[in-house]
Amino acid sequence: MSIGIFDSGIGGLTVFREVAKEFPEADIYYLGDTARVPYGNKSKETVIRYSVEAAKYLTGFGIDVLIVACNTASSYALDTLREMVDIPVVGVVHPGVEMALRKTKNGKVGVIGTQATIRSNSYKKLLERRGIQIFQKPCPLFVPLVEEGIVEGEIAELVVRNYIDEVVRDGIDTLILGCTHYPLLKDTIKKLYPEIEIVDSSQAIAEFLHNENLTFSGRGSRRIFITDESESFKKLKTTLVGDIPVEKIELSEICRV
Ligand code: DGL
């Protein structure tokens, strides 16, 4: 039994890490579309096209479930992917919403994410349907900050405050980190806003899969594919998942065949 996970790049390894912890015996294939990251400032059509290509690649391994680790792709491409493949497709938005609903006491929830995720209102639609008041904020500097490895200290704190002070002032008691990269800033966010409950979508999806009572028996193999190499990828990959080797692939050529 195997799991496919895809993301626009490296950040989805936060999801890979949590899912691998939850299902140690599963064979896991991860694809990071590092050549085309970021998805977070692209149009809906482009995000869907890229997501379809990534899904085609991973389903070629005969995976049993496809996890869309990228919040931007989860916000735009889930319906298309579900029509395209005949295995369960799980995104990060729904699990994040469920976790936020369990955590919030005052019914005021903040959501931070890429420009595209916030523009899609994917979290907003689901939360408002459940009677939650929602305060959204795109945080475009967080992804480059994390990729530069600046996740704590003066600069990280300044940038975090620049975006999050506003939603905290709106009276939220829970904050959804609606982007693969943001869990890496979690310690800084917690330090600055200790009273706020944090929803980390990588943990939310692992918990969601656990509650679905899925069992994956396999050899516990892990393969990581990327579409381009970069220094920031190498650094972050080692921080997140250690020395699992990385294989470079040409996604667009494979998809043209
Ligand atoms: N993976 C993206 C997300 O979770 C963040 C990086 C990007 O913009 O592609 O929305």
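Both counts, for ligands and for their atoms, begin at 1 and track the order of listing. Only a predicted model underlies this, so the values are computations on that prediction, with no experimental measurement involved.
Checked against a 3.5 angstrom limit, the closest N/O atoms of Ala69 and ligand 1 fall outside it. Ligand 1 has a nitrogen or oxygen under 3.5 angstrom from a nitrogen or oxygen of Tyr39. Considering both main-chain and side-chain atoms, Ser8 comes within under 3.5 Å of ligand 1 through a nitrogen or oxygen pair.
In this structure, atom 10 (O) of ligand 1 lies nearest to the protein heavy atom Thr72 OG1, 2.6 Å. For atom 5 (C) of ligand 1, the closest non-hydrogen atom of the protein is Cys179 SG, 3.5 Å. Nearest protein heavy-atom neighbour of atom 8 (O) of ligand 1: Gly40 N, 2.8 Å.
For Asp7, every heavy-atom contact with ligand 1 shorter than 4.0 Å involves the side chain, none the backbone.
The shortest side-chain heavy-atom distance between Ile3 and Val65 falls under the 4.5 Å cut-off. With a 4.5 Å cut-off on side-chain heavy atoms, Val160 and Tyr193 count as touching.
Electrostatic pairing of Arg130 and Glu98 counts as a salt bridge here, judged by a charged N lying under 4.0 Å from a carboxylate O.
Taking the centre of each ring, Phe61 and Phe225 come in below the 6.0 Å mark.
For Leu141, the CG atom is densely surrounded, since the number of other residues' heavy atoms within 6.0 Å is greater than 12. A 6.0 Å sphere centred on CG of Asn211 holds more than 12 heavy atoms belonging to other residues, nucleotides or ligands.
Below 4.0 Å from some heavy atom of Val37 lie the following atoms of ligand 1, by number and element: 9 (O). Those atoms of ligand 1 that come under 4.0 Å of a heavy atom in Thr114, given as number and element, are 5 (C), 8 (O), 10 (O).
Of the listed residues (Val151, Val159, Leu177), just one forms a side chain to side chain contact (heavy atoms under 4.5 Å, CB included) with Phe142, and that residue is Val159.
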